[in-house]
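A short worksheet on the structure shown next.
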Amino acid sequence: MTQPAILVDDISFSYGDNEAVKGISFDVAPGEILGFLGPNGAGKSTTIKILTGQLAPKSGRAQVLGADVTTDDPAMQAQIGVCFEEKNLYESMSATENLRFFASLFGIRDLDTYDLLQRVGLADRAKERVSKFSKGMRQRLMMARTLVNTPKVLFLDEPTDGLDPVSSQAIRKLIQQEADRGAAVLLTTHDMFEADELSDRVAFLNEGKLYALDTPESLKLAHGKRSVKVRVREADGVREQTVSLEDATAGEELKAAVGSAGLMTIHTEEATLENIFIEMTGRGLEG
Amino acid sequence: MTRPVSRSAIVWSIVRKDLAEYGRDKLWAFLTVMVLVVVVVLFWLLPDDVNESISVGVSGLNDPSALATLQAAEEGLLLVPFESAQDLEAVVAGDAAAWHGDGYTIAIANDAADEPPNGAERISTSIGIAFPEDFFATTAAGGSAAVTVYIDAAVPDEVETAMTSLVRELAYAAAGDELPVDTLAADQIFVVLGEDRVGNQASARDGFRPVFVFLILLMEMFVMASLIAKEIHDRTVVAVLVTPATIGDVLAAKGIVGVLSGMAQAVIVLIAIDSLAPQPALILMLMLLGAVMVSGTAMLAGSTGKDFMSTLFTGMLYMIPLMIPAFAALFPGTASAWVQAMPSYPLVQGLVNVSTYGDGWAETLPELGVLLAWCVGLFAIGWLVLKRKVQTL
């Protein structure tokens, strides 16, 4: 059996009296993307801080690449990449200088900054100071910085938050490439579409507790309606029909609809991740 | 490829990054260069000599031997003979300029077109004593003589009183009488508290030397505090700490940058004001300890500052008390016990003693010891406070 890249066993953390993480457990395998879904204050960022050694859990056990996260193991730190929610780049330095500086902390002297910047669409701005970058450009540079050491584990905290669709898509593509390469990815987001598109599994986190952990497909199947909505154009207008997949006649009805010359659309009636989240936690993802 | 990286390599990377950021902060770079230039220019504009005598104009003493006798009796006074009481009054009143030559002094009215004699030197005097022509004859006979004392309005009351007493003393001397007081032996008359600097007084240039050098170090404290505050505010330090770099590496790099830049600037100023030569190794040691001390203070100030203004304000809270010993050094012997207890006192006093009075390692050891203790203490406090701050980000 493959050793999980991230292993979290019943960890808890409190900021004073505020219990931010309440005994959560999960694991992430190499090459897997685990989407951490939850609203602001759900405990997503705190979990990442624990896993990257910024905070020590009050209880429980957490391992990254087999190393206990509380040991501050440089060998483990050398194999992770962290993309923060805040854009903590050195503003007076250029994109290339930022990447080279962080590469030097990993002992990398021959970093191909051009290639890395090209992957995030910033090759033509390599020499420009970060202070002149837009929010989207900074986020893409943050992503490039996360990859300077070709990490085996990626912690991505809201990597597309507030970005335009083009920048978001570019970053999603990069995340998928990294997972395809074999990196384990822990992706926190409150964007259900992003989680749905990228994640092999999603975890629902709310008020520090884990409510669900499964593949998006399984969650949608478990919580959605097994029905199909069919729209057909007829002589007297557009007819909309909902076909329940539970009915014995479903096959015949669908066959008739597909065979119809006026067939316009067929949509499954599965639940969205947001609907499931609301159903399970009683609150939305944007809160 | 990622490979194991040594602690020294990580610290060196952060040092290079900090120095690059330092150089690119236009405001601090400008202020640093400006202070360096201003300090050096001001230093060379200050007078480098000390006039230990008070110039007192006298008239009515026609006998040169009488003037010589009085001059010998009054150490610290330069008696300048004037031909007439009118000339003396005009000079003290500022209506005329006094030109002193070999055995004579003439007064030339300010509105006169007369040229001063060749070789004459202009002197200023704000005190004048006009003796009557028959002063010696009258006082020697036990009679009473009226002596006029001219004193500029700007002369303090204490000096005016001292001049009046001086005239009475002169009258006793002229009459050949002893003063009606018992005096101690000559070597017991003056009891100097502290070190006697008579004949070895520090010029304004010497006095300001430690002030200027310490100002450079404090400027460095502001720059370092600002860089640290920015790193905390922007949370870039958090990004560094999720790499193989540890908090110890970050703090070590900050300390190295602070000490290096503080030392470098202090040495530039010391060379520019020609103050490194007497005891280069000893002065460099003092500067090194001073740079360590301000780096520790910068860590403290940087931990609490959030932006330029708040860092400036916080820095001032540390700077003002640290500057007090430097200004106290301008007035030797005036530093009270609490001033001497300030961390910067041994640094400033050490600098004064070495650069102005030529003290060596042996004489400066007490200052070095106290300064070292302060450095260790302040640097440790700064290190711990900054470490705590970074850990709670």
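Keep in mind it's a predicted model, so treat the numbers as computed, not measured. No hydrogens, no waters, no symmetry mates; every other heavy atom, side chains included, goes into these values. Each chain gets a letter, A, B and so on, in the order its sequence line appears, and its residues count up from 1.
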Handout entry: Flag if over 12 foreign heavy atoms under 6.0 Å of NZ, A:K173
Key = no
Practice task
Side chain from CB out, backbone as N, CA, C, O: work out which of these in B:L241 comes under 4.5 Å of a heavy atom of chain A, or both, or neither.
Solution key: backbone
Practice task
First locate atom NZ of B:K17, then atom CG of A:N98, and finally report the distance between them rounded to the nearest 0.5 Å.
Solution key: 9.5 Å
Practice task
May I ask you to name which of B:V238, B:D249, B:I10, B:T246 has the most heavy-atom pairs under 4.5 Å with chain A?
Solution key: B:V238
Handout entry: Salt bridge A:E97-B:R24, side-chain N to carboxylate O under 4.0 Å
Key = yes
Practice task
Would you give the length of the straight line joining atom OG1 of B:T236 to atom CZ of A:F101, rounded to the nearest 0.5 angstrom?
Solution key: 8.5 Å
Fill in the blank from the handout: With B:V242 as partner, the option from A:I48, A:L105, A:T52 fulfilling side-chain contact (heavy atoms from CB on, under 4.5 Å) is A:T52
Problem - NZ-OG distance between B:K230 and A:S92, expressed to the nearest 0.5 angstrom - result: 6.0 Å
Exercise for the section: Give the minimum heavy-atom separation between A:P74 and B:P244, together with the two atoms involved. Expected result: O-CG, 4.1 Å
Practice task
Determine whether more than 12 heavy atoms belonging to other residues, nucleotides or ligands lie under 6.0 Å from atom CZ of B:F30.
Solution key: no
Problem - Heavy-atom side-chain proximity of B:T243 to A:F106 below 4.5 angstrom - result: yes
Exercise for the section: Name the region of A:Y90, side chain, backbone, both or neither, that has any atom closer than 4.5 Å to a heavy atom of chain B. Expected result: both
Problem - B:D234 (side chain) donor-acceptor with A:N88 (main chain) under 3.5 angstrom - result: no
Problem - B:M34, CE: over 12 other non-hydrogen atoms inside 6.0 angstrom - result: yes
Problem - Engaged part of B:A239 at the chain A interface, taking heavy atoms whose separation is under 4.5 Å - result: both
Problem - Segment of A:R100 engaging chain B (4.5 angstrom heavy-atom cut-off) - result: neither
Handout entry: Under 4.5 Å from a heavy atom of chain B, the part of A:L111 involved
Key = neither
Handout entry: B:R7 atom CZ, over 12 foreign heavy atoms within 6.0 Å
Key = yes
Handout entry: Atom CE of B:M285 with >12 non-hydrogen neighbours under 6.0 angstrom
Key = no
Exercise for the section: Count the heavy atoms of every other residue, nucleotide or ligand shown that sit under 6.0 Å from NZ of B:K387, and state whether that count exceeds 12. Expected result: no
